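Reading through the C-alpha cells given below for one structure.
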Amino acid sequence: MCNSDFCIAFYDTRVYDRDAFTEANKQFMYNIDFFDFHLDERTAYTAKGYKAVCAFVNDTLNAKVIGILKECGVEIIAMRCAGYNNVDLKAAEETGIKVVRVPAYSPHSVAEHAVALLMALTRHIPQAYMRTRTGNFTLNGLTGRDLCGLTAGILGTGKIGRIMAEILSGFGMKIVLYDPYPAKEWAEKAGFTYLPLDQFFKSVDVVSLHCPLTQDTKHIINENSLRLMKHDAVVINTGRGALIDTHALVHALKHQEIGGAALDVYEEESKYFFDDWSANVIRDDVLARLMTFPNVIITGHQAFLTTNALESIAETTLDNVKAFSAGKPLANEVKLS
C-alpha cells in the first residue's frame, strides 16, 4: 500500500520493465511499486492505496477485478501496450475508472521481429544453428526458398502492417493486403493491392498478422482459411494469439496442409509466457504439440522488446498518467465506443 499522493502499482513486471520505467520516471517523479505477479482476482486487493495501476497483455481486468480496483481507490488503468482486449471496458465505464494505452511505440520493432521469424522459418536457421553447435555441418533437410517473387499477404494495415509490407516489398515480394478499413492512398502509392479475404488467403505464400483482436478478427486464421491457403504457405503472427484457431493450425501442420508457422504470441499464453518453465511440465497439450513441429518457431512474446520500444512505452504510459493527474484530456483513452 502506498501512502503518497499519487502512486502507481505496476503488475507483471520484469527487469526490462523496471529499468525502462525507472529511467523514464526521472522526469515525472511518481511513486512506483513494481510487482512481478499478474493482476487478477487473487491479487487485485494489492492495489489498495494506489490511484493508478499499470497492467500488461496477460493481466486479467475483468468486471470482478475492476470492481475490486474501484473498491481499492484506483482511478485509472494504464495499459503499457497497444492491445486492451483483456480489459472489460463496460465495467470500467460503469465504475468510472479511466483506461489508457500506448497505441504506438516502435512499430519497427514488431515488424522487424516478424521479418526475422519469417527468415528463420524459411531458411531453417534454428535447425542449422543447433547442428553447427554440435559440429554437424551437413545441409540435408535445410533447403529453403527465395522470398523474392513470392506473394506476401499483410492482414491488417496499421502502422506495423505497413512497415512489414514495405520491408517485404524490398525483398522483391509481391504484396497483397486485407483490412476492412483500407489505407487506399498508401497502398496505391506503394503499388500494393487490397483483396477480398477469401481471395487473399488463396493467393499468399506468406501471411503476416498485424490486426487488433476483435470479435471480427478472433480466429481469422481457422480451418476454412487454412484450407484455402497453399500447402507450402506459412503463417507469421506477432499480433494477438487468438487471431489463430490453434487447434485448426495444429491439424493443418499435422496433415501437411500448410508449410509452417512462426508465432510470437499464443492463444493461451498467459500461464507460460514471460516465465521459466524449463524445469517443469508444460500441461498445455496444444502448446506442447506445437513445439514438436520442425516447421514451427515460437518466441515468447518478445516482438516489442527493443530499447527503442521500451523507452517509448515507458514515456507514453507515464505521460498518460500525468495527463490524468493534471485533469487534462486523455489522448490515449480507450472507451467502450
Side-chain angles (χ1 to χ4, degrees), residues 1-62 64-87 92 97-103 105-106 109 264-265 269-278 299-326 330 332 334:
M1 180 175 178
C2 182
N3 297 312
S4 300
D5 289 339
F6 203 99
C7 301
I8 309 172
F10 276 67
Y11 291 90
D12 192 22
T13 58
R14 301 295 183 263
V15 172
Y16 45 83
D17 294 309
R18 297 184 184 103
D19 289 347
F21 275 91
T22 299
E23 180 63 29
N25 193 42
K26 289 178 180 178
Q27 60 178 305
F28 296 92
M29 302 302 293
Y30 284 116
N31 291 288
I32 294 177
D33 286 327
F34 295 105
F35 302 133
D36 59 4
F37 49 82
H38 290 285
L39 174 59
D40 57 28
E41 295 175 8
R42 299 168 301 165
T43 64
Y45 280 107
T46 61
K48 187 174 179 58
Y50 296 90
K51 288 189 178 180
V53 298
C54 183
F56 197 48
V57 293
N58 290 328
D59 290 310
T60 300
L61 288 143
N62 58 24
K64 183 172 182 180
V65 169
I66 288 174
I68 295 172
L69 295 180
K70 179 66 175 180
E71 182 182 338
C72 290
V74 172
E75 298 175 4
I76 183 171
I77 297 167
M79 301 300 295
R80 60 182 187 274
C81 51
Y84 51 90
N85 55 282
N86 54 329
V87 183
I97 295 178
K98 298 292 187 181
V99 180
V100 290
R101 65 175 181 135
V102 182
Y105 30 93
S106 173
S109 66
D264 186 54
V265 288
E269 71 179 52
S270 60
K271 182 175 181 179
Y272 297 99
F273 281 26
F274 306 108
D275 292 310
D276 183 0
W277 282 79
S278 59
T299 54
H301 206 139
Q302 72 177 73
F304 76 98
L305 195 61
T306 66
T307 54
N308 315 69
L310 289 171
E311 180 181 341
S312 180
I313 289 168
E315 290 182 355
T316 302
T317 300
L318 294 178
D319 265 331
N320 287 337
V321 174
K322 181 180 179 180
F324 174 80
S325 62
L330 301 178
N332 298 317
V334 182

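Because only heavy atoms are used, hydrogens play no part in the values below, and waters and symmetry mates are left out as well, while side chains stay in. Fair warning: this is a prediction, and the values are worked out from it, not measured in the lab.
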Please verify the inter-ring angle class for Phe10 with Phe21; under 30° counts as parallel, over 60° as perpendicular, anything in between as tilted.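 Correct class here is perpendicular.
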Please work out which of the three classes, parallel, tilted or perpendicular, describes the rings of Phe37 and Phe35, given edges at 30° and 60°.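 It falls in the parallel class, under 30°.
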Determine, stepwise, if the pair Val57 / Phe273 fulfils side-chain contact (heavy atoms from CB on, under 4.5 Å). CA-CA 11 Å; Val57 293; Phe273 281 26; over 6 Å; no
Nearest atoms (heavy-atom pairs only) where [X] meets [Y]:
X: Val53; Y: Val74; value: CG1-CG2, 3.8 Å
X: Ile32; Y: Leu318; value: CD1-CD2, 4.4 Å
X: Ile313; Y: Arg80; value: CG2-O, 3.6 Å
X: Val99; Y: Ala92; value: CG2-CB, 3.7 Å
X: Tyr50; Y: Ile8; value: CD2-C, 3.6 Å

Inter-residue atom distance [X].[atom1] - [Y].[atom2], 0.5 Å rounding:
X: Glu71; Y: Lys48; atom1: CD; atom2: NZ; answer: 7.5 Å
X: Ile66; Y: Lys64; atom1: CD1; atom2: NZ; answer: 13.5 Å
X: Asn62; Y: Asn86; atom1: CG; atom2: CG; answer: 10.0 Å
X: Tyr30; Y: Cys54; atom1: OH; atom2: SG; answer: 12.5 Å
X: Ser106; Y: Glu311; atom1: OG; atom2: CD; answer: 10.5 Å

Side chain [X], main chain [Y], donor-acceptor under 3.5 Å:
X: Asn31; Y: Cys7; value: no
X: Asn58; Y: Lys271; value: no
X: Ser325; Y: Lys322; value: yes
X: Thr306; Y: Ala309; value: yes
X: Arg101; Y: Ala82; value: yes
X: Thr316; Y: Ser312; value: yes
X: Asp264; Y: Ala303; value: yes

Side-chain contact, heavy-atom cut-off 4.5 Å: [X] with [Y]?
X: Leu305; Y: Ser109; answer: no
X: Glu315; Y: Gln27; answer: yes
X: Ile77; Y: Val100; answer: no
X: Glu75; Y: Ile97; answer: no
X: Tyr105; Y: Leu310; answer: no
X: Lys51; Y: Phe324; answer: no

Show your working on ring pair (Phe, Tyr, Trp, His ring centres under 6.0 Å) between His38 and Tyr11 and close with a plain yes or no. CA-CA 6 Å; His38 290 285; Tyr11 291 90; 9.7 Å; no
If you count heavy atoms of other groups shown closer than 6.0 angstrom to CZ of Arg18, is the number above 12?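 Yes, the 6.0 Å shell around CZ holds more than 12 heavy atoms from other groups.
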Start with the C-alpha gap between Leu69 and Leu61, add the side-chain angles, then the distance that decides, and say whether side-chain contact (heavy atoms from CB on, under 4.5 Å) holds. CA-CA 9 Å; Leu69 295 180; Leu61 288 143; 4.0 Å; yes
Just checking, is any N or O donor in the side chain of [X] or [Y] under 3.5 Å from an acceptor N or O on the other one?
X: Tyr16; Y: Thr307; answer: no
X: Asp40; Y: Thr43; answer: yes
X: Ser278; Y: Asp276; answer: yes
X: Asp36; Y: Thr13; answer: no

May I have the step-by-step check of side-chain contact (heavy atoms from CB on, under 4.5 Å) for Val87 and Val334, ending in yes or no? CA-CA 10 Å; Val87 183; Val334 182; over 6 Å; no
Salt bridge Arg14-Asp275, side-chain N to carboxylate O under 4.0 Å: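 Salt bridge present between Arg14 and Asp275.
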